[in-house]
**Q** 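Mind having a look at this structure? Questions to follow.
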Amino acid sequence: MKIFNKEKLKEADEFTIKEQNINSDELMERAAIQLFGWLKTQLKENRPKINLFCGIGNNGGDGLALARLLLNDGYEVEVYIVNFSDKRSDDFLLNLNRLKEHQFWPEFINENSDLPELNQGEIVIDAIFGIGLNRPAEGWIKELIQYINQSKSYVIAVDVPSGLYLDKAPEDPKAIIKAETTITFQLPKLVFFLPETAEFAGRVEIADIGLDRNFIAKTASEALLIQQHDAQRLYKPRGKFSHKGTFGHCLVAGGSYGKMGSVLLATKAALRVGAGKVSALIPKCGYDILQLGIPEAMVITAENDKHLINTQTDFTPESICFGIGAGKEEATKHYLEQLLKERTAPLLIDADGINILAENQELLKYLPEKSILTPHPGELKRLLGEWEDDFDKLEKAKAFSLKYKVILVIKGAYTITIADKNLYINSTGNPGMATAGSGDTLSGIIAGLVAQGYDATIAAVFGVYLHGKAGDLAAEKLGFEAVIADDLIQHLGEAYKSLFE
C-alpha cells in the first residue's frame with residue numbers, strides 16, 4: 001500500500017474532485033460516513049457520550065459532518081469548536097450550517113473558556129488540526145491538547161492526531177494529541193511507523209473514501225507499506241521437478257568463542273526458509289555445536305580455535321551471510337575485506353560485520369552492488385553517524401544506500417528496507433521479537449531467500465515480512481514474553497502458508 005506525503009494527498013483529493021465531478025464537501029461526507037460506520041461497528045449496542053473537538057478547517061468539517069450523522073442515529077453528542085482563528089474553511093462553514101439546521105448548536109471554546117468535563121467511559125474525537133499543520137500548537141490550544149491527553153476518555157483521531165506533522169519530527173511532543181486509535185483516510189502516513197511519532201497515532205485504521213484509484217496507482221509514492229497481498233506477490237512458487245540444487249547454496253560465516261548460537265540460528269533459518277543447501281563457516285570451537293545443533297547443515301572450520309580467519313571454500317555459494325557473532329579481530333576484518341574484494345556471491349552483512357565496516361570505512365568502497373546490510377539502531381548509528389531525528393535518519397540512510405548502491409534493512413518495530421530511494425515499511429512483527437537472536441534469524445532468512453534466486457531487494461522485503469509474520473504466529477501461541485528466536489524459525493512454515501489464507 002502506497003504512502004503519500006501531504007502534497008500528494010492534496011493532489012489526490014483535487015484530482016478525485018475533478019475526475020468524479022463532485023464538490024469537496026461530498027468527499028468530506030464520504031469521510032464522515034466512513035468514520036460513522038467504523039464507530040457504529042465498534043460500539044455495537046454501547047452508547048457512550050461522544051465529545052467532538054473540531055477545528056475550523058477541513059479536519060473540523062469532517063468532525064462536524066460526523067456529529068450530524070451521530071446525532072441522527074441517537075447518540076449523545078457534544079461538539080466543541082476550537083476557535084483558534086477568525087479564518088474558516090468553506091466546507092467547515094457548510095457543515096456547521098447543516099448542523100444548525102438540525103437544531104444543534106456547538107459550543108465555541110477559546111482561551112477564556114472553561115474546559116469541558118471529560119469522563120472515563122466517554123469518547124473524545126479529535127478533529128482539531130489536519131495534515132496541513134506546519135507549526136506547533138501553543139498557549140491555550142496546547143493546554144487543551146494536554147487536557148484531552150490527561151483525561152480518561154478514549155481518544156480517536158480523525159486522519160492524523162492533531163499537532164502531528166506529516167513531514168518532520170515534532171518540535172513539542174506535549175502539543176500533540178495522543179490517540180488510542182487513528183482513523184486515517186485512504187492511505188497510511190509515514191509518521192505512523194517512525195519511532196518518534198508512531199506512539200501518537202496508536203492503533204491505525206484505514207478508511208476508504210473513494211479517492212481516484214488510477215491516480216493512486218500511477219503516482220509515485222515516498223514509501224510502501226508491505227502487507228499480506230504485497231508479500232504474496234513476491235513469493236516464488238516451486239516447480240514439481242525442483243531439487244536441492246535448484247534452491248541454491250547459502251554460506252553463513254560467523255561466530256566466535258561464546259557466540260556460536262547466532263550462527264546456529266542463522267543457519268537453521270536459512271534452511272527453514274527454503275535454501276537448498278547451507279554451509280556454516282565457523283572457528284573450530286563451534287564445530288560440535290553446529291554439527292549436533294543442526295544436522296541438515298554442512299560445517300566448515302577456519303584454521304583458528306576462537307575466531308574467523310581468511311578461509312577458502314571448495315564451492316561458490318549463491319549467497320553469503322557474514323558477521324553474526326564474529327567479533328572484530330584483525331584477522332576477521334581481513335576475511336571480510338577478502339570477501340568484499342572477491343565479490344563471488346551476493347553478500348549480506350550483519351552485526352560485527354557492520355561494526356567492522358563502521359570502524360574501517362575505507363572498506364565501504366568495496367561493497368558489491370546490492371549487498372544487504374541489516375543494522376539495528378546502534379549499528380546504524382555507528383555506520384551513519386549521529387542524526388537529529390527519524391526524518392534525518394532516513395535521509396542519511398537513503399544517501400548511504402544510493403552512494404554505495406546497497407540495501408539497508410533498518411530493524412525496529414516497523415522495520416524499514418531502503419533500496420534505490422524507496423522505503424519499504426513492514427507491517428508484521430510484535431514486541432515479543434525483541435529477544436536475543438531475532439536479528440540473526442532475520443539474516444539467515446534473507447540470505448536463504450537470496451540463495452534461492454530472489455532479487456536482493458525482494459529477498460530483503462519478503463524476508464522481513466516472513467520474519468515478522470512468524471513472530472506474530474509464535475506470539476499468538478506463546479505470548480510476547482515467552483517468544484525466543486528459535487520460535488520464529490519454527491513458525492516460518494506457517495508464515496509461508498498464511499500468505500494464501
Side-chain angles (χ1 to χ4, degrees), residues 1-3 187-188 193 204-206 208 216-217 221 223-244 246-248 250 265-266 268-276 278 318-319 321 346 348 372 374 407 409 411-417 419 422-433 438-478 480 483 485-501:
M1 181 178 286
K2 290 184 175 181
I3 296 174
L187 297 171
F193 308 105
V204 175
E205 299 283 347
I206 299 172
D208 186 344
I216 294 172
S221 65
L224 290 171
L225 178 65
I226 303 301
Q227 298 175 299
Q228 179 183 343
H229 61 276
D230 304 298
Q232 186 187 88
R233 289 198 293 268
L234 302 179
Y235 171 73
K236 293 170 64 172
R238 295 196 160 198
K240 176 72 173 176
F241 296 98
S242 303
H243 52 82
K244 66 182 179 182
T246 307
F247 303 113
C250 175
L265 288 167
K268 197 172 181 180
L271 279 165
R272 183 72 75 180
V273 85
V278 181
E318 276 67 45
S319 70
C321 171
L348 182 147
I372 303 168
T374 58
I407 298 154
V409 178
K411 292 182 283 197
Y414 295 100
T415 293
I416 300 177
T417 300
N422 297 314
L423 304 181
Y424 303 90
I425 300 173
N426 189 49
S427 64
T428 58
N430 62 79
M433 298 171 69
S438 180
D440 305 320
T441 302
L442 176 62
S443 294
I445 289 170
I446 296 173
L449 290 170
V450 173
Q452 293 174 69
Y454 283 85
D455 169 80
T457 300
I458 292 174
V461 173
F462 188 38
V464 168
Y465 178 89
L466 288 173
H467 179 252
K469 186 63 180 179
D472 290 340
L473 293 165
E476 284 177 18
K477 295 180 182 177
L478 303 170
F480 292 154
V483 172
D486 191 62
D487 296 321
L488 310 181
I489 299 170
Q490 299 303 324
H491 286 83
L492 275 172
E494 290 180 54
Y496 268 124
K497 288 165 65 177
S498 74
L499 292 172
F500 303 97
E501 290 176 353

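We count residues from 1, following the sequence as given.
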**Q** Using every non-hydrogen atom in the two residues, find where Ala460 and Thr417 come nearest and quote the distance to one decimal.
**A** CB-CG2, 3.9 Å
**Q** Kindly assign one of parallel, tilted or perpendicular to the pair Tyr454 and Phe462, based on the angle between their ring planes and the thresholds 30° and 60°.
**A** tilted
**Q** Given side chains that start at C-beta, do those of Lys411 and Met433 come closer than 4.5 Å, heavy atoms only?
**A** no
**Q** Can you measure from OH (Tyr414) to OG1 (Thr428) and round to the nearest 0.5 angstrom?
**A** 10.5 Å
**Q** Are any side-chain N or O atoms of His467 and backbone N or O atoms of Gly439, one a donor and one an acceptor, separated by less than 3.5 Å?
**A** no
**Q** Are Glu318 and Cys250 packed together at the side-chain level, in the sense that at least one heavy-atom pair is separated by less than 4.5 angstrom?
**A** no
**Q** Please assess Val204 against Phe193 for the test side-chain contact (heavy atoms from CB on, under 4.5 Å), listing each intermediate value before the final yes or no.
**A** CA-CA 10 Å; Val204 175; Phe193 308 105; 5.9 Å; no
**Q** Would Val409 and Ile372 count as a side-chain contact (heavy atoms from CB on, under 4.5 Å) if you check the C-alpha gap in whole Å, the side-chain angles of each, and the deciding distance to 0.1 Å?
**A** CA-CA 7 Å; Val409 178; Ile372 303 168; 4.0 Å; yes
**Q** Restricting to non-hydrogen atoms, name the atom on Leu488 and the atom on Gly471 that form the minimum distance, rounded to 0.1 Å.
**A** CD2-CA, 3.4 Å
**Q** Just wondering, are more than 12 heavy atoms of other shown residues or ligands nearer than 6.0 Å to CZ in Phe247?
**A** yes
**Q** Indicate yes or no for a side-chain donor-acceptor contact from Asn426 to the backbone of Val461 under 3.5 Å, with no hydrogens or angles considered.
**A** no
**Q** Minimum heavy-atom separation for Leu224 and Ile3, please, with both atom names.
**A** C-CD1, 4.4 Å
**Q** Under 3.5 Å, sequence neighbours excluded: what are the donor-acceptor pairs made by side chains of residues 492-501?
**A**
residue	atom	partner	partner atom	Å
Glu494	OE2	Lys477	NZ	2.9
Tyr496	OH	Val273	O	2.7
Ser498	OG	Ala495	O	2.7

**Q** Quick one, Leu466 and Lys469 - any side-chain contact, counting heavy atoms below 4.5 Å?
**A** no
**Q** Using a 3.5 Å distance criterion without hydrogens, assess whether the side chain of Lys2 forms a donor-acceptor pair with backbone atoms of Ile216.
**A** yes
**Q** Looking at Ser427 and Ile226, would you say the former's side chain and the latter's main chain have a donor-acceptor pair under 3.5 Å?
**A** yes
**Q** Any donor-acceptor pair under 3.5 Å linking the side chain of Thr441 with the backbone of Leu265?
**A** no
**Q** Under 4.5 Å between any side-chain heavy atoms of Asp487 and Ile489, yes or no?
**A** no
**Q** Closer than 3.5 angstrom, by distance alone: can the side chain of Ser319 be matched with the main-chain N or O of Ala447 as a donor-acceptor pair?
**A** yes
**Q** Work out which heavy atom in Ala459 is nearest to a heavy atom in Val450; give both atom names and the distance.
**A** CB-CG2, 3.5 Å
**Q** Would you list the pairs meeting salt bridge (charged side-chain N to carboxylate O under 4.0 Å, His left out) in which at least one residue belongs to residues 223-237, sequence neighbours left out?
**A** Asp230-Arg233
**Q** Is there a side-chain contact between Leu234 and Tyr465 in this structure, where contact means two heavy atoms from C-beta onward sitting under 4.5 Å apart?
**A** no
**Q** For the pair His491 and Glu476, evaluate side-chain contact (heavy atoms from CB on, under 4.5 Å) and give the outcome as yes or no after the intermediate values.
**A** CA-CA 11 Å; His491 286 83; Glu476 284 177 18; over 6 Å; no
**Q** What are the two closest non-hydrogen atoms of Ile425 and Ala223, and how far apart are they?
**A** CD1-CB, 4.2 Å
**Q** Please test Met1 against Ile206 for side-chain contact (heavy atoms from CB on, under 4.5 Å), starting from the C-alpha separation and ending with a verdict.
**A** CA-CA 11 Å; Met1 181 178 286; Ile206 299 172; 3.5 Å; yes
**Q** Please give me the minimum heavy-atom distance between Gly463 and Ile446, naming the atom from each residue.
**A** CA-CG1, 4.2 Å
